[in-house]
Structure formats: structure tokens, C-alpha cells
Number of protein chains: 2
Amino acid sequence: MDYSTQAEHMSVHDDRECGSAPLDGIGRFIEQMGLSAQKDGVARISGRIFGYFIVHGGPVSFAQLAEELQVSRASVSTNARSLAALGIIERVTLPGDRQDYYQLAASPFLRMIESYLIRMRQMQEILQQADDSIPADMHATHARLAQMRRFYTAAVQANQTLIEDLGQ
Amino acid sequence: MDYSTQAEHMSVHDDRECGSAPLDGIGRFIEQMGLSAQKDGVARISGRIFGYFIVHGGPVSFAQLAEELQVSRASVSTNARSLAALGIIERVTLPGDRQDYYQLAASPFLRMIESYLIRMRQMQEILQQADDSIPADMHATHARLAQMRRFYTAAVQANQTLIEDLGQ
DNA sequence: AATCTTGTTCAGTCGTGACTGAACAATCTA
DNA sequence: TAGATTGTTCAGTCACGACTGAACAAGATT
């Protein structure tokens, strides 16, 4: 695995057995991004791609992504497109090149917060449904649901101001 | 599945085939809490237990939890203890009763935020390591890492003030 | 002592979903 | 036309981890 883009490093130790390559700082960071994504219920490869773009922001070709991260083109296709759908990376085209390129979006973290906000609003929807369909005489239950609702309202508010605080 | 605690409902339709029972509002809410937890990378049963306690806050015995949620005692043991470790529910003992009881913690949502904060701080740690171990001449990379770090700093800050805003 | 009751642990199963390879579609080049 | 090149899709595999049942430990009861 070679995460630099400099040609002279490309295949120094390339034909080794496919296990435990000692990772440098960059490689370790990318793997940790993968593990961290996995903990959040996101595909590990998505996290690794995100990490890769933190390191190399610039346009990177589809094929290069597959090769450097050592994953199939199919996985790159699926995961890069889902990251693009979230607005974390974006597709770009280079004139005179038929390949797809991706690059880090302008404000990837704002987009992350926005996807959190979507999740929270879904939760608010669930709470609304529960409040409507649970018998009105279960007062303690409704009180706890109201508390939960206050929490999500405040959390949504906090994240919206966070978006503003982070500028543009 | 009978989520009420009233005895007269206990076994009205009990001996049906073990599939798709039509869920009432309470049951639907509990299942949605389970699915929502799963999306967050948490065990579905943990989410259902949490939902159960939103509905029935009061002390509920270990055995009752297992029976009403239709899961093994082993699962209840594992998941209830992990929720208790997060401070979302807590163990209580009733005098003269050898069973374990659980109840909803005082401010379960504050504890949820605190566990998010832990995750964010781990992320900050990863960023610190990356910053230290990645060659200093990769200026663009360090700039992106710095941007990411600013994001997490702001997010941690926002969640801390959220905790304060939610009182006690 | 033997026998319940109650919670934990552990080996094993089973489902889910991430990931792959291969077939495919679309577009370019010769 | 045939043959590259490139991305997507889809069926299939495989790993991971949630969940279970059974064995176990620790008390209580007789």
C-alpha cells in the first residue's frame, strides 16, 4: 500500500504477501478513519476514502483510488458515490480525460453535520408518531417523550448554530 | 409481544405463530428505537431496551425485560449492562427482592451526549497523531487536518454548551 | 445436603451487509 | 467493424458481530 502519489515510491515493496504491511503515519490515519467510520455504522471503505481525501485533497482518478486503497472498482464505485451523495466528496471531470475524478468537497464537515441533522429530524418524526399513537392517559410516558423531544429540539438547534459558527 | 404491564392484557393473543404481530403505537415505537440504534452502530436490542424504558420508566425486573422484549436473558444481561455503563439506565435493588431491576437514569440524554463527546475526543486524538507523524512538508494535508481539527473543537464546544443548556 | 432462583459467561449459530468478480453498458479509438 | 477503456450493476461470498442456549457461579431456601 502506497499512499503517496510520487512515482518513485510506487512499487518499492510491492510484491510482498498480502498481510500486515507496516503502516506509516498516513496509512495509519487512513485506517483509523476506516475504523472510526465502522463504529458509526458506515462502511469501512467509505471512511478510508474520506481519510484518503483528507490526505490528498486534489482530484484523484477512480482507478487510482481503487489501486491505492487496494479495493475493487466495484467498492470504489459504490462508496465514492455514496460519499458524493452526502456532499463530502464531489465528482469532477478533467478536460480531455474520460475517467471520473473525485475531490474533497468544499466544506465536508458541514455536510456531515447536515446528515446528522437529517437523522435527528427522523428521530423527531418517530417521537411525533409515538406521541400521537400512545394512549393519552399514560402521563409518565408522555412526559418522558416530551423530555426526549426537548432534547432533540435543542440538539438540532445546537447543530444549526454550529454550522453557522463554522462559517460559510 | 405485550408491552403494557397490565395483567389483563398479558396473554390475549399469546399462542400465535412467532411472526409479524401487528404492533400498536408502543410496540412500534420500541421497534423504531431498535432500528434507529442499529443505524448508529449500536445493537438493536440496546435500542429496544432504551425504548422500553422511555415507555416504562420505572424499575423493571431483569426477567420481565427478557420476557416482554422476547429476547434471551443473555442478551438482556449484555445489553442492559452496556446501557448502564453508558449511564442511560441504572441498576436498582428492591428491598427483599433478589432480582435485578433497572430504571431509566435521571438524564439519559445528557449521558448520550457525553458518549458522543468521548468519540469526538478520540477523533481529536487520532488527528493529533496524524499531525505529528505526517511529514511537515505536506502543507496542504496539514491544512486540511487543521480544518478538521477546528471542526471537532467546535463540535465538542457546541455539545458541551448543549449539556449546559439542557439544565442540571 | 439437595434444589431452586438469578445473573453472567462462553462457544456456537445465524443474518446482515460489506466487498468482490464478472457481466454489462457506454464511449472512445483504430 | 472490432477492440480498448471506464464505470455500474448484480449475484455470490465472506466476515463480523448480535443473539442464543447451555453451562456455570453465587446465593437463597428447604
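It should be emphasised that the depicted structure is a prediction, and the values quoted were computed from it without experimental measurement. Numbers restart at 1 for each chain; the letters A, B, ... are given by sequence-line order, proteins then strands.
A donor-acceptor pair under 3.5 Å links the side-chain atoms of B/N159 to the main chain of B/A155, judged by distance alone. When atom types are taken as modelled, the side chain of B/S61 and the backbone of B/Q64 share a donor-acceptor pair closer than 3.5 angstrom. When atom types are taken as modelled, the side chain of B/D24 and the backbone of B/G27 share a donor-acceptor pair closer than 3.5 angstrom.
B/V76 comes within contact range of no nucleotide atom at all, as no heavy-atom separation falls under 4.0 Å. Contact annotation for A/A74: base contact, defined as any heavy-atom pair under 4.0 Å involving a base atom. Within 4.0 Å (heavy atoms only), A/R73 reaches at least one base atom of the nucleic acid.
Separating the CG atom of B/L69 from the C1' atom of D/dA18 is a distance of 15 Å, rounded to the nearest angstrom. Counting to the nearest Å, the C1' atom of D/dT6 and the OH atom of A/Y101 are 12 Å from each other. The CG-P distance, from A/L83 to C/dA18, rounds to 13 Å in whole Å. The interatomic distance linking A/R44 (CZ) with C/dC19 (P) rounds to 6 Å, in whole Å. Across the protein-nucleic acid pair, B/L35 atom CG and D/dA18 atom P stand 15 Å apart, rounded to whole Å. Taking atom CD1 on B/I49 and atom P on D/dA18, their separation rounds to 13 Å, with Å as the unit. One interatomic measurement links the two molecules: CD1 of A/I45 to C1' of D/dA15, which rounds to 13 Å at whole-angstrom precision. Per the geometry, NZ belonging to A/K39 stands 15 Å off C1' belonging to D/dG17, to the nearest Å.
Between B/S75 and D/dC19 there is no side-chain N or O to OP1 or OP2 distance below 4.0 Å. Listed pair A/S77 / D/dT8 meets the phosphate criterion, a side-chain N or O lying under 4.0 Å from OP1 or OP2.
In the set C/dT9, D/dA23, D/dG7, the nucleotide with an atom closest to the side chain of B/R81 is C/dT9. The side chain of A/T78 approaches D/dT9 more closely than any other nucleotide in the set D/dC19, C/dG7, D/dT9.
Of the residues in residues 93-100 of chain A, those with a non-hydrogen atom less than 4.0 angstrom from any atom of DNA chain D are A/R98, A/Q99, A/D100.
Inter-residue side-chain proximity for B/D40 and A/R119 is flagged as met; some heavy-atom pair is nearer than 4.5 Å.
Salt bridge B/R111/B/E114: present, at least one basic N to carboxylate O contact under 4.0 Å.
Paired with A/Y152 under the rule side-chain contact (heavy atoms from CB on, under 4.5 Å), one option of A/M148, A/R150, A/R149 passes, and it is A/M148.
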Name every donor-acceptor pair, under 3.5 Å, that has one atom in a side chain of residues 87-94 of chain A and the other anywhere in the protein, sequence neighbours excluded.
{"from": "A/E90", "atom 1": "OE2", "to": "A/Q103", "atom 2": "NE2", "distance (Å)": "3.2"}
{"from": "A/R91", "atom 1": "NE", "to": "A/D100", "atom 2": "OD2", "distance (Å)": "3.1"}
{"from": "A/R91", "atom 1": "NH2", "to": "A/D100", "atom 2": "OD2", "distance (Å)": "2.4"}

